[in-house]
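One structure below.
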Amino acid sequence: MSINMQQIIKLNNLVTTCFRRKHIIVLNPKEEYEIKENLNENIVYDKVEWEIPNQIQILVDSLSKNTQLSNEEKILLIYEKLCKDYVYDDNLISYIQKVDDDTYTLPDWYGRDVNQEWKENREQHNRRVCYEVSRYLAKALIELFKDDKHFYVTILWDKALTHYFVGVTCNEYSITLDLDDFNSIKDLTRLKTGLTAEGIIILDDKNKEFKRALDKFNEGKNKDAIKKLENEIDIRNQNLNQIEEADNIAFLKYAIEILKEESDIDSQGLYEYMKEIVDIKLGPEARKKVWKKIKENDNEETRYIRCLVLDIDKGKYLIDVDEMLLRKFHEQELKSEESVFIPYKQLISEELISYRSNKEERYKGR
């Protein structure tokens, strides 16, 4: 069945108005679309075909046979499954180059234009970037609604921010689904830690059908990360009155301990979560980002993740999201040749120049 491009164009117009910036419609090379002559700089075919991982296909097959759940509930279940199965590949951050205040560049080969070797390597772990999870989600929804001619699914590309997310439109509503919105704690992290889903934007919803389903999905969950942590600490019978402003170290240690023990959080998720907590408790001026080098199992590959150095009570502390701990930190660690930590702005060092130039051939999605 061919897909009506006019409906997808209308969806993109809603997205452009909502986000106040132009987005590119990205089409699946394997699908059949009507009015192909409308292809222009705002409508492109994706670099690779969209596919569904096996565990997502099993869920799609099950939901397709389920007559008890609404379409909205099915969409949310697939979204939740992806958020809980995958983590954000924070190594990607080391490739992003800022052009100006709201424009970035990123090499296409990191998740957008990939080959078979990349795909095979990615299957060895669960780290993914927006290009990959958006394809999974879009293809899963297309498969779910393949017999419903009123549902249209596409990927939308915010080219300036090098970001993919999914758009869905039907007779009743139009929505966007973004598992890894870069501007806040991603739903890839939020749903693992029991927070509300915030990456779903309702653009149009005539009868409030999707809103009701989303409200039900979020029912009983905290929207604010810090409130959830405060509640968890209280449940553990820790006296919050004793954790005074001057004792932020204790609060941050409790927070990391809870996240580590009670959720399947990853290094990037812990970074995002704790960054928000620090900004609320201490203020953004109390933190700075540093890189940590992570050696892969074969000891030949290296990837880089972000950690946080904090100024607390005239002392330096490190939130090591790899080790998932808070400890004292000495500036000398950034200067030692043996150190695995690198100043965040030191992207012109010989080490990282070599890393960037050789990575495409060596990394291949590991």
- Worked verdict on Asp320 versus Arg327 for salt bridge (Lys or Arg N to Asp or Glu O under 4.0 Å): CA-CA 8 Å; Asp320 186 334; Arg327 66 167 175 83; 5.2 Å; no

- Item | Asn222 backbone acceptor or donor facing Lys228 side chain under 3.5 Å | no

- Task: Kindly determine whether Lys292 and Val290 satisfy side chain to side chain contact (heavy atoms under 4.5 Å, CB included), including the steps that lead there.
- Result: CA-CA 7 Å; Lys292 182 177 182 180; Val290 295; over 6 Å; no

- Query: Are side-chain heavy atoms of Tyr304 and Ile342 found at a separation under 4.5 Å?
  - Reply: yes

- Query: Quick one: does Asp266's side chain have a donor or acceptor within less than 3.5 Å of a partner on Val87's backbone?
  - Reply: no

- Would you say Asn54 has more than 12 foreign heavy atoms packed within less than 6.0 Å of its CG? no

- Item | Partner of Tyr131 by ring-ring contact (aromatic ring centres under 6.0 Å, His included), out of Tyr136, Trp109, Tyr164 | Tyr164

- Do Gln97 and Leu106 come close enough that some side-chain heavy atom pair is under 4.5 Å? no

- Which pair of non-hydrogen atoms, one from Met324 and one from Ile265, has the smallest distance, and what is that distance? CE-O, 3.2 Å

- Query: With respect to Asp90, which candidate in Arg128, Arg306, Arg303 satisfies the salt bridge (charged side-chain N to carboxylate O under 4.0 Å, His left out) definition?
  - Reply: Arg303

- Within the distance-only criterion (no hydrogens, no angle test), does the side chain of Ser336 pair as donor or acceptor with the backbone N or O of Gln332 below 3.5 angstrom? no

- Query: Do the side chain of Ser263 and the main chain of Leu259 share a donor and acceptor less than 3.5 angstrom apart?
  - Reply: yes

- Rounded distance (nearest 0.5 Å) linking atom CD1 of Ile201 with atom CG of Leu177: 9.5 Å

- Item | Pairwise distance OG1(Thr162) to CG(Leu92) - rounded to 0.5 angstrom | 7.0 Å

- Query: So do the side chains of Leu76 and Leu214 get within less than 4.5 Å of each other, counting heavy atoms only?
  - Reply: yes

- Going only through I, L, V, M, F, W and Y residues with side-chain contacts under 4.5 Å, is there a path from Leu308 to Val340? no

- Task: Decide whether Ile142 and Ile58 are clustered together by the hydrophobic rule: side chain heavy atoms of Ile, Leu, Val, Met, Phe, Trp, Tyr closer than 4.5 Å, transitively.
- Result: no

- Message: Quick one, Asp89 and Arg122 - any side-chain contact, counting heavy atoms below 4.5 Å?
- Response: yes

- Walk me through it: do Leu191 and Phe217 pass the test side chain to side chain contact (heavy atoms under 4.5 Å, CB included)? CA-CA 11 Å; Leu191 270 60; Phe217 181 82; 3.9 Å; yes

- Task: Report yes if some heavy atom in the side chain of Ile96 is under 4.5 Å from a heavy atom in the side chain of Tyr110; otherwise report no.
- Result: no

- Query: Do any N or O atoms from the side chain of Arg190 and from the backbone of Ala197 form a donor-acceptor pair under 3.5 angstrom?
  - Reply: no

- Do you know the tightest heavy-atom contact between Ala225 and Ile277? C-CD1, 4.1 Å

- Message: Contact between Asn91 and Arg127 at the side-chain level, heavy atoms closer than 4.5 Å - yes or no?
- Response: no

- For the atom pair CE (Met5) and CG (Asn12), what is the distance rounded to the nearest 0.5 Å? 8.5 Å

- Smallest heavy-atom separation, Leu179 atom then Leu82 atom, equals CD2-CB, 3.5 Å

- What pair of heavy atoms forms the shortest contact from Trp50 to Leu27, and how long is it? CZ2-C, 3.6 Å

- Less than 4.0 Å between a side-chain N and a carboxylate O, is that true for Lys288 and Glu331? yes

- Message: Would a single hydrophobic cluster contain both Val153 and Leu77, if residues Ile, Leu, Val, Met, Phe, Trp and Tyr are joined by side-chain heavy-atom contacts under 4.5 Å?
- Response: yes

- Item | Chi angles and distances behind the side chain to side chain contact (heavy atoms under 4.5 Å, CB included) call for Glu172, His150 | CA-CA 9 Å; Glu172 290 76 28; His150 299 297; over 6 Å; no

- Task: Assess the side chains of Glu272 and Tyr88: does a donor N or O sit below 3.5 Å from an acceptor N or O?
- Result: no

- Query: Is any NZ, NE, NH1 or NH2 atom of the basic residue among Lys216 and Glu219 found under 4.0 Å from an Asp or Glu carboxylate oxygen of the other?
  - Reply: no

- Task: Describe, in one word, how the ring planes of Phe165 and Phe19 are oriented to each other, choosing from parallel (under 30°), tilted (30 to 60°) and perpendicular (over 60°).
- Result: tilted

- Within the side chain of Asn28, is there an N or O that forms a donor-acceptor pair under 3.5 Å with the backbone of Lys30? yes

- NZ/Lys159: more than 12 non-hydrogen atoms of other groups inside 6.0 Å: no

- Task: Decide whether Leu14 and Ile43 are clustered together by the hydrophobic rule: side chain heavy atoms of Ile, Leu, Val, Met, Phe, Trp, Tyr closer than 4.5 Å, transitively.
- Result: yes

- Message: Within a 6.0 Å radius of atom NZ on Lys223, are there more than 12 heavy atoms belonging to other residues, nucleotides or ligands?
- Response: no

- Okay, side chain of Asn115, backbone of Glu117: is any donor-acceptor separation there less than 3.5 Å? yes

- Task: Step by step, work out the side chain to side chain contact (heavy atoms under 4.5 Å, CB included) result for Arg287 and Asp279.
- Result: CA-CA 8 Å; Arg287 62 168 170 81; Asp279 284 359; 2.6 Å; yes

- Message: Check Asp181 with Lys186, please: is the shortest side-chain N to carboxylate O separation under 4.0 Å?
- Response: no

- Query: Among Lys139, Lys119, Arg135, which residue meets the salt bridge (charged side-chain N to carboxylate O under 4.0 Å, His left out) test with Glu51?
  - Reply: Lys119

- Task: Decide whether Ile78 and Val166 are clustered together by the hydrophobic rule: side chain heavy atoms of Ile, Leu, Val, Met, Phe, Trp, Tyr closer than 4.5 Å, transitively.
- Result: yes

- Specify the closest pair of heavy atoms between Gly111 and Glu132, including all atoms of both residues, with the distance to one decimal. O-CG, 4.4 Å

- Say you draw a straight line from CD1 of Ile312 to NZ of Lys328; how long is it, rounded to the nearest 0.5 Å? 11.5 Å

- Is Asp46 close to Trp157 at the side-chain level, that is, under 4.5 Å between some pair of heavy atoms? no

- Query: Are the aromatic ring centres of Tyr344 and Trp291 under 6.0 angstrom apart?
  - Reply: yes

- Is a donor on one side and an acceptor on the other found under 3.5 Å between the side chain of Ser174 and the backbone of Thr169? no

- Query: How many angstroms lie between CD in Glu80 and NZ in Lys192, if you round to the nearest 0.5 Å?
  - Reply: 11.0 Å

- Message: Check this for me: does any side-chain nitrogen of one of Lys211 and Asp215 sit under 4.0 Å from a carboxylate oxygen of the other?
- Response: yes

- Task: Enter the distance from His23:NE2 to Leu161:CG here, rounded to the nearest 0.5 Å.
- Result: 7.5 Å

- Taking 4.0 angstrom as the limit, do Asp264 and Lys84 come out as a salt bridge? no

- Residue pair Tyr79 / Asp178: nearest heavy atoms and the distance that separates them: OH-O, 3.0 Å

- Task: Report yes if some heavy atom in the side chain of Tyr273 is under 4.5 Å from a heavy atom in the side chain of Leu195; otherwise report no.
- Result: yes

- Message: Quick check against the 3.5 Å criterion: does Thr196 have a side-chain atom that pairs as donor or acceptor with the backbone of Glu198?
- Response: no

- salt bridge (Lys or Arg N to Asp or Glu O under 4.0 Å) assessment of Glu143 paired with Lys146: CA-CA 5 Å; Glu143 181 72 17; Lys146 63 184 178 182; 3.1 Å; yes

- Side-chain donor/acceptor of Lys281 to backbone N/O of Phe251, under 3.5 Å: no

